[in-house]
2 protein chains.
Amino acid sequence: MTQPRKTPTMADVARLAGVSPMTVSRAFKRDTSVSEATREAILKAAEEIGYVFDSAASSLRSQRTDFVAVTIPSINNANFAETLRGLTEGLKVRGLQILLGYTDYDIHEEERLVEQLLRRRPEAIVVTGGKHTPRTRRLLENAGIPVVETWDLPEAPIGHVVGFSNADAVRGMVDHFVARGLTRIAFIGGDADRDTRGTDRREGFVAAMQANGLEATRLIAAGAPPISMREGADAMGRLLDSLPDTQAVICVSDLSAFGALTECQRRGVRVPEDIWIAGFGDYEIAEVAVPALTTINPFPREIGAKAAALILEVLDGRQAGPVTLRIAPELMIRQSSR
Amino acid sequence: MTQPRKTPTMADVARLAGVSPMTVSRAFKRDTSVSEATREAILKAAEEIGYVFDSAASSLRSQRTDFVAVTIPSINNANFAETLRGLTEGLKVRGLQILLGYTDYDIHEEERLVEQLLRRRPEAIVVTGGKHTPRTRRLLENAGIPVVETWDLPEAPIGHVVGFSNADAVRGMVDHFVARGLTRIAFIGGDADRDTRGTDRREGFVAAMQANGLEATRLIAAGAPPISMREGADAMGRLLDSLPDTQAVICVSDLSAFGALTECQRRGVRVPEDIWIAGFGDYEIAEVAVPALTTINPFPREIGAKAAALILEVLDGRQAGPVTLRIAPELMIRQSSR
DNA sequence: ACAGGCGTTGTTATCGATAACATAAACGGG
DNA sequence: CCCGTTTATGTTATCGATAACAACGCCTGT
């Protein structure tokens, strides 16, 4: 009845089951040759003494950690959460576990994080975005594992890419608005370049406006990225105060777009009769809001699923060279812009 | 210029820096006696050959992984994300990294997850909720590490607790509504007992209604937990169709409450003039929505921060017995209920 | 009856960092 | 100037699982 002081090891299980430690090791793996009877006896013995497999030892010897490292800007974001879900689902069929870290939209934090994560010797690493510090880039290049950049189309990819052009996606939105006859279009985004996808979207907006021969001067900055609903509402307030003749506003995300919508509701400004509003991300709120928000669906789940599938192909040697998978974001026209 | 085939180890760094591997090991730790000159030389050598510390080997020998395991029901949830942030911030000062898993609100998935996580030999484990399978309970009890249950007040805690009573919190809301003279109050929640916190809230609602001598019959079930904005809207539609004299509705979360609000907007039902709506969680949307939603703030960030602080105390031996820290959720009365 | 093959189990050495112990060098106080 | 103390570094053995290799028994086909 005396509980052994130390955590039991495979050797303890082996002794109880009357086999060698190696056989115990095999019993804990799939696709190994252990007779069904032995395996059951071993698992029963393990359960009895409360043995829990030690991955640290296993990893050291086998040089396999079954980790895939993932960095995302923020956990509290439905889009990245979906990407993560796609990754998790895709990787768990192979027993690969996700080692997650978040960067708070800061590439220097990303550098620290990537180094931390690489110490755990992941089998592959997925990063969000295509802009990194030089050192991050070097670390990733020398890691000797598959690297996947997502949510962007970097000019000089480190390895694989599953993403889309944020600038082009917003361009599509602007073109659509212009085709419907609008000219005085504004953009609400963050006030810094921390969120590189947000910056790309703003630049896409400016480029698209100029390409259409329109002024891209209605740019409202609304706090540190990622901007919140509240900040979207504040920005909308300032826009309505300073440029009341604005016909449409494109927001860097659905959250700020919803905030902007609520500000209109508080002021009695009618959407879409008085002003159109569009967001980015196709969050649930865009569909449910009254009026429903026009937005862009970047298929976040698919990004994760494709990244996972790609990683498995590369690890299996079924894919040699670096791959770039393009996602085609979809324009979702809803009541807030018609 | 020939890149060595294999990943460099401390021995390689040691050779280049002209010291023993042990000294390299010390140079990578804090609070160890290595002269500043040697440390710099070692770090320089490490950088030069692209050495990356191998935590698997370190963990095996030192029996310290610097992991804290955390299970949450879903990543795509602002409340749990806040708890996670509190944990991360609190733990990273000690170099503890979070090993995250999500259960999808399923205690059997939680069992698999807990076993997976324990294999990585975390220094402590934080689980969401106080209801587990017997095996999960046994695994946690025998893990030999600090266990913290959160977001609940279990009757028989496994170890430490940082949480609150979901039932009591909703009771406070019901009492408030009754004190304002309402009697026909409904509850919108999920249609299964998967989300145990949701179930506790519904039971708290029923108990509070009965304690006030009122019928607790207006219970609308709206899909598998966690219920979405869309499902909240559907549920509200059914409530308005079947029980149009309902005076107030309490929703299991702010997301479903917001969905319910939008359904009212679509139907021209005025909030709060025709019906009151309340949610749970104090998500950002509750404050920004028009009208702003009455809700309950469970201080999710604080839950994480306190759990982190508690873990550090226990690991440092500054706290011996099991501790239960109660959080007092705050009723936030807003425009949707007055 | 026997060679060859397959499935099952055992033996030995090893993955890479570091705890524990040992030692050499620097320091400091009387 | 000497000895006790601190600081900096080296040596050896080890954490626990498993890769690589070996061996044993059983089956099958000729």
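So that the names make sense, note that chain A is the first sequence line, chain B the second, and so on, each numbered from 1.
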Q. Is the NZ or CZ atom of A:R85 positioned over A:F80's six-membered ring, under 6.0 angstrom from the centre and within 45° of the axis?
A. no
*Are B:T136 and B:I107 side-chain neighbours, meaning at least one heavy-atom pair lies under 4.5 Å?*
no
Exercise for the section: Would you check if the side chain of A:T7 reaches a backbone N or O of A:Y51 as a donor-acceptor pair within less than 3.5 Å? Expected result: no
Do the side-chain N and O atoms of A:T23 and A:S20 include a donor-acceptor pair separated by under 3.5 angstrom? yes
Margin query: Looking only at side-chain N and O atoms, does A:E149 offer a donor or acceptor that is under 3.5 Å from a partner on A:H132?
Written below: yes
Comparing nearest nucleotides in DNA chain D, the 5'-proximal residue of the pair B:V34, B:Q63 is B:V34
Check: Does A:F53 have B:R119 sitting over its ring (NZ/CZ under 6.0 Å from centre, angle to axis within 45°)?
Finding: yes
Numerically ordered, the residues 15-25 of chain B set in heavy-atom contact under 4.0 Å with DNA chain D is B:V19, B:S20, B:M22, B:T23
Here the residues of residues 118-125 of chain B within 4.0 Å heavy-atom distance, strictly under, of DNA chain C are none
Any base atoms under 4.0 Å from A:F28, or only sugar-phosphate, or nothing? Heavy atoms, all strands. nothing
query: Do we see a donor-acceptor contact under 3.5 Å between the side chains of B:Q63 and B:R121?
result: no
Taking for B:S62 and for B:T38 the nucleotide of DNA chain D with the nearest heavy atom, the one nearer the 5' end belongs to B:T38
Exercise for the section: Taking B:D54 for its side chain and B:A56 for its backbone only, find out whether a donor-acceptor pair lies under 3.5 Å. Expected result: yes
Q) Taking atom types as modelled and ignoring hydrogens, do the side chains of A:Y102 and B:T88 form a donor-acceptor contact shorter than 3.5 angstrom? A) yes
Exercise: do B:T133 and B:E111 side chains pair donor with acceptor under 3.5 Å: yes
Here the distance between atom P of C:dT11 and atom CZ of A:R26, to the nearest Å, is 11 Å
Min and max contacting nt of DNA chain D in 5' to 3' order, chain B heavy atoms within under 4.0 angstrom, are D:dA8 to D:dG16
